[in-house]
Amino acid sequence: MAPPQDTRRPFKRLAISDQQRRRDISLQRQAQSRRDAQHQARCLASTVLSLQSQTTPEPVPDIELELVPETEESGAPSQDLDVRHAAKLKGAEARKWFAKQLMLPEWMIDVPDRLSDDWYVFARPAGKRCFVVSTNGTTVSRQRNGSILHRFPSALPNGAKKRDGSGPNQSYCILDCIFHELDQTYYVIDMVCWRGYSLYDCAAEFRFFWLNSKLGETGACDPPSFYHKYRFSAVPVYNCDQNGLFSAYSGAVPYVKDGLLFYNKHAHYQAGNTPLALVWKDQNCSQYVIDTDSKGQVPTQQQVVLELQDDGKLVTSDDPPVVFGGLDSDFIQKSGLCTGNLLRFAISDGGLSFVDGKLVKADLHYLEKPNRARAFADSFSKIMFQHTVRHCPLKIDDLLASIPSPDDQQNKPCDIDMVPISSMSGHSPINSAACRDTYRSKSSSLSALDFFLHLVWEFRCNCTTGKEYEA
Amino acid sequence: MRVVCEATLCPETKIRQAAYECLVSISSTYYEKLAPYIQDIFNITAKAVREDEEPVALQAIEFWSSICDEEIDILEEYGGDFTGDSDIPCFYFIKQALPALVPMLLETLLKQEEDQDQDEGAWNIAMAGGTCLGLVARTVGDDIVQLVMQFIEDNITKPDWRHREAATYAFGSILEGPSPEKLTPLVNVALNFMLTALTKDPNNHVKDTTAWTLGRIFEFLHGSTLDTPIITQANCQQIVTVLLQSMKDVANVAEKACGALYFLAQGYEDVTPSSPLTPYFQEIVQALLTVTHREDAGESRLRTAAYETLNEVVRCSTDETSPMVLQLVPVIMTELHNTLEGQKLSSDEREKQGELQGLLCGCLQVIIQKLGSSEPTKYVFMQYADQIMGLFLRVFACRSATVHEEAMLAIGALAYATGPDFAKYMPEFYKYLEMGLQNFEEYQVCAVTVGVVGDICRALEDKILPYCDGIMTQLLKDLSSNQLHRSVKPPIFSSFGDIALAIGENFEKYLIYAMPMLQSAAELSAHTAVADDEMTEYTNSLRNGILEAYSGILQGFKNSPKTQLLIPYAPHILQFLDSMYMEKDMDDVVMKTAIGVLGDLADTLGSNAGSLIQQSLSCKDFLNECLSSDDHMIKESAEWAKLAISRAISV
């Protein structure tokens with residue numbers, strides 16, 4: 001028996017209620033946004049994929065070496081490429097890209113807060129800083145200026161053309177290393193890319209963990225062999241508490257030390273100068289505390305390398321650059337200098353003058369154009385570090401004293417210093433100036449210098465007489 | 001059948017009525033078996049419609065309405081061909097009965113009740129007959145027109161209002177179904193007559209049906225898809241004037257006039273950059289707002305109709321009128337603010353307050369979406385964002401246990417327009433979001449809230465992280481509840497994908513909860529015994545949700561070293577794709593999402609999943625099928641997947 005039926009049907013009504021319409025439109029919007037979000041995620045991938053397929057024309061292995069400079073001339077923004085693409089770059093394009101990709105520590109001119117909580121410390125091996133890239137069955141190391149140091153087979157993933165071919169083509173790696181001449185070893189100080197996975201956006205804490213757990217697996221730390229020309233090695237990294245700092249400073253390592261490196265645990269890998277990695281040196285842990293000139297001698301006056309801008313200003317390699325002075329256009333013309341030139345100056349007797357912690361005067365003396373291999377001007381922090389080393393150095397005791405003993409630490413508020421770090425997420429280059437301001441204004445131990453980038457300059461430069469130049 | 005048919009002749013009214021109820025049931029369940037009986041059934045139903053008592057006559061008409069439903073379904077689905085594919089062929093009962101059926105139905109139209117339009121619950125033989133006539137028109141199309149025109153011409157000018165109303169109603173009823181080519185010449189003649197009748201006819205009932213018929217004309221014969229426009233520069237102004245005039249008429253007529261204006265605006269949906277309604281925009285908005293303030297706006301759902309029309313006018317407005325839409329924002333905000341002022345309401349007043357807040361939040365939602373869709377207007381609109389959000393939160397606060405669905409919908413639109421800045425509202429809004437997700441009884445509220453989770457994920461991206469523990473907990477609870485309406489579950493899965501895409505590898509900690517849920521749902525959807533369409537549809541929506549979750553999770557983990565964590569799930573995902581492919585019952589949407597997931601898997605896991613993918617059926621047969629699909633979206637996803645796979649498996 002059928003249930004009793006109501007025959008009532010909608011009468012003179014819209015087929016659909018407006019509320020249902022609003023719901024449906026919302027759902028459509030949400031579905032569309034979801035598709036867009038997916039699409040965006042996939043598009044990013046597609047760009048990388050297609051770039052890769054373009055740059056690996058398998059049958060003609062070496063021709064692209066010749067072709068690459070053209071694309072470079074066409075102004076391809078190679079620094080914007082995905083790191084996974086970078087492993088495939090060759091020739092001048094690769095040089096250009098890699099010259100910009102190393103994370104460069106600032107020099108420690110004062111001590112960051114919360115060293116023991118937020119920082120690692122390790123002894124920097126003496127040697128050439130380089131990126132080591134393993135891809136396509138070969139391994140290439142590139143120095144700070146992008147030029148090739150070695151091309152060799154290695155046990156890194158896809159680092160040698162050998163036997164089983166187990167690793168897929170895409171399995172490339174990019175390591176941040178220091179090549180130590182004495183034992184012909186690459187000391188790995190950071191991991192940027194491992195088996196095709198970018199670690200750029202990972203905190204140092206994770207990168208170091210990954211480095212220590214993965215590097216050994218490959219056999220890259222084994223002694224050299226036919227398919228493995230140079231040994232790789234990790235360096236011992238310590239939490240920067242008093243014990244850790246002391247171990248890094250005085251502990252025995254198989255390499256010659258060249259200062260200490262401090263890495264902020266939360267910082268991502270960031271190309272270029274960053275205040276979230278710091279280098280510090282003294283005579284005990286480095287042969288090269290004070291910069292030497294081209295003959296290996298310590299000059300009597302501090303020397304600095306600055307870049308000439310098109311408005312005649314002389315600037316550091318920081319982003320944004322710090323202006324140290326300027327040249328007048330007559331001198332520039334007469335001496336055949338042009339924009340972008342790196343120039344070496346001595347800091348004369350006038351030295352660097354500060355008023356209320358601000359640099360107001362630099363007594364610069366033009367020397368020469370530095371070695372062509374030089375890719376960068378000095379950073380502001382380097383100049384300042386060199387300056388203080390010559391006048392009132394930051395000592396290891398100052399560093400140790402700045403770290404609270406475990407007992408004090410309990411009571412210390414821990415809200416500070418995280419601001420600039422957490423703002424680092426994503427690819428956007430952080431404003432290093434903002435970071436610097438934040439942490440320096442909170443730091444105390446050494447300097448009363450409070451750096452701001454918009455300095456008022458009064459500049460005197462006796463090189464405009466051209467005396468030295470003519471001589 | 002013989003027993004049932006004999007029972008329709010029983011002296012007892014109740015038994016006759018029950019017998020027709022049986023016939024109605026039989027008509028929908030055993031349509032394909034009716035052919036031998038249909039002539040007899042027509043004879044007895046015709047007699048019942050003309051002579052029997054109303055409850056019996058209503059069931060007799062319902063029999064034919066029900067046959068129409070069946071044939072409309074069959075014709076829509078199969079085109080009515082006797083092909084091997086279709087289980088049930090169309091027997092064209094309606095078409096065959098047409099010459100007798102239409103006059104029978106037209107006769108019923110003259111049996112209106114006085115004031116039936118003022119009575120919400122009214123249902124009588126005239127209403128049932130007119131409704132059936134509309135269904136017949138949809139079933140047979142052009143064939144009905146000639147049979148009805150004579151009746152209209154004979155009656156539309158008669159002195160008795162019943163004749164004029166019946167003629168108008170007959171005309172309005174046949175506007176859906178027949179081709180525009182057939183109807184447009186008739187409408188061009190009728191339009192002027194209708195406009196005059198709407199202002200001049202002395203009878204409310206006639207005016208009500210006339211306004212409704214105008215709405216039907218605009219709904220079916222006005223719009224950019226039609227070749228010959230019935231509304232021109234010449235008559236547009238007259239139409240607007242007449243409709244705005246009628247909005248001052250009695251409530252039921254005004255409501256139909258609002259409805260007509262709704263479709264008039266809708267017809268100009270795709271007109272850019274200039275809409276013919278632009279010159280009247282201000283006047284229309286003002287008239288609609290005036291209607292909402294009528295004292296009798298509560299009758300005949302007049303207030304609702306006015307706001308809904310306002311919404312449609314805003315939706316279909318062009319850039320020219322965006323300054324006026326912007327001016328509307330503070331006006332509607334003030335209205336909403338006023339609903340929050342009342343203190344100590346009775347439960348009846350509280351219900352009315354909730355209804356009105358719903359209408360106003362709905363209107364704001366439409367405005368937000370409109371203004372948010374272009375950068376310049378969004379920028380100006382944003383000055384109101386804080387205040388609007390404040391109002392929405394107060395609307396929530398009016399209730400203790402539930403959240404207002406319309407306010408939730410509006411907040412979704414606001415989050416979409418606001419983007420990352422929405423973060424500042426989260427501390428206050430979060431508890432209502434949670435409340436919405438807990439609302440099992442009003443599952444629409446829960447569903448809408450789940451959608452808003454997605455909006456917020458896309459707006460906040462990783463800034464949603466602090467709220468994810470709470471949201472995920474609630475979503476997982478929702479999924480495991482058997483109280484919650486099943487239709488909400490697929491969107492919950494989709495929202496997993498939204499969350500994962502927003503927070504990336506931070507989704508890690510939810511994997512151990514979400515993945516088993518997804519796996520068991522996937523297994524469930526792969527092994528449904530199926531049968532009916534509703535189940536197939538649900539299965540597909542479930543699959544789509546699961547796939548969107550996988551897609552979001554895979555893409556969210558891309559480039560993260562934690563990608564490794566997903567490797568253990570890859571075999572199952574591939575099995576799921578393979579099993580769906582073998583079932584051969586995916587709809588286009590699922591197919592597109594599924595092939596996308598295959599690409600996501602290859603893209604994110606790369607060589608780690610290379611050999612697994614190579615072994616799967618999906619990466620060969622399914623991929624090839626998608627690559628050669630006619631559907632642009634499927635093809636695009638497939639090409640992308642192919643690229644990602646080739647990278648993952650090349651050694």
Side-chain angles (χ1 to χ4, degrees), chain A residues 1-15 17-19 21-23 25-27 29-31 33-46 48-50 52-53 82 84 165-171 194-202 206-207 210 214 425-426, chain B residues 21-22 24-25 58-59 61-62 65 122-123 127-128 130-131 208-209 212 256 259 262 304 307-308 311-312 358 362 365-366 369 406 409 412-413 416 444 448 451 454-455 458 462 494 497-498 501 548 551-552 555 558-561 563 596 599-600 603 606-607 610 640 643-644 647-648 650-651:
Chain A
M1 184 64 213
Q5 288 161 1
D6 187 2
T7 59
R8 193 177 308 255
R9 285 169 180 260
F11 177 72
K12 289 189 187 174
R13 281 281 178 271
L14 307 187
S17 80
D18 194 73
Q19 183 182 35
R21 183 130 195 255
R22 286 197 293 281
R23 280 186 201 126
I25 291 174
S26 281
L27 286 174
R29 187 198 67 232
Q30 285 158 357
S33 308
R34 185 177 289 134
R35 272 200 297 277
D36 290 349
Q38 280 289 353
H39 195 65
Q40 197 181 3
R42 288 175 184 164
C43 260
L44 293 178
S46 296
V48 174
L49 295 179
S50 46
Q52 279 175 350
S53 42
D82 191 289
R84 292 171 299 161
S166 57
N169 243 345
Q170 289 69 27
S171 179
W194 187 255
R195 290 195 189 278
Y197 293 116
S198 166
L199 284 96
Y200 258 87
D201 289 333
C202 301
F206 184 85
R207 297 199 309 273
W210 208 244
K214 294 294 164 193
S425 62
Chain B
E21 284 172 8
C22 285
V24 171
S25 283
L58 285 175
Q59 291 295 343
I61 294 173
E62 180 59 19
S65 291
W123 186 247
M127 295 163 96
T131 305
D208 181 295
T209 302
W212 171 77
K256 303 297 186 300
Y262 185 103
T304 306
Y307 275 117
E308 292 185 343
N311 291 346
E312 192 64 9
Q365 183 208 341
V366 171
Q369 200 150 331
E406 292 283 357
L409 272 171
Y416 174 73
Q444 284 285 11
V448 161
D455 282 328
R458 287 179 289 270
D462 58 348
S494 304
D498 297 336
L501 207 53
E548 285 184 333
S551 208
Q555 286 297 341
K558 188 165 67 177
N559 298 340
S560 154
T563 304
D600 294 328
D603 187 30
S607 57
W640 179 78
L643 191 64
R647 169 176 172 255
S650 63
V651 175

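Quick note: numbers below take in every heavy atom, side chains included, and nothing from hydrogens, waters or symmetry partners. Quick note on labels: first sequence line is chain A, next is B, and so on, each numbered from 1.
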Contact winner vs chain A - [options], heavy-atom pairs under 4.5 Å:
options                       : answer
B:G552, B:S65, B:G454, B:G610 : B:S65
B:G497, B:G596, B:A128        : B:G596
B:G606, B:A413, B:S551        : B:S551
B:G358, B:G362, B:A122        : B:G362
B:Q365, B:E406, B:E548        : B:E406

Tell me whether the guanidinium CZ or amine NZ of A:R29 lies under 6.0 angstrom from the six-membered ring centre of B:Y416 and within 45° of its axis.
yes
Apply side-chain hydrogen bond (donor to acceptor under 3.5 Å, both in side chains) to the pair B:T304 and A:Q19, showing each step before the final yes or no.
CA-CA 10 Å; B:T304 306; A:Q19 183 182 35; over 6 Å; no
Under 4.5 Å from a heavy atom of chain A, the part of B:D208 involved
both
Return the CZ to CD distance between A:R23 and B:Q444, rounded to the nearest 0.5 Å.
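The CD atom of B:Q444 is 3.5 Å from CZ of A:R23, to the nearest 0.5 Å.
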Between B:R458 and A:Q30, is the side-chain contact (heavy atoms from CB on, under 4.5 Å) condition met? List the steps.
CA-CA 9 Å; B:R458 287 179 289 270; A:Q30 285 158 357; 3.8 Å; yes
Per-residue contact mode, A:I25 against chain B (heavy atom under 4.5 angstrom):
both
Heavy-atom side-chain proximity of A:W194 to B:P561 below 4.5 angstrom
no
Do B:V366 and B:Y307 have side chains that get closer than 4.5 Å, going by heavy atoms?
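They are not in side-chain contact.
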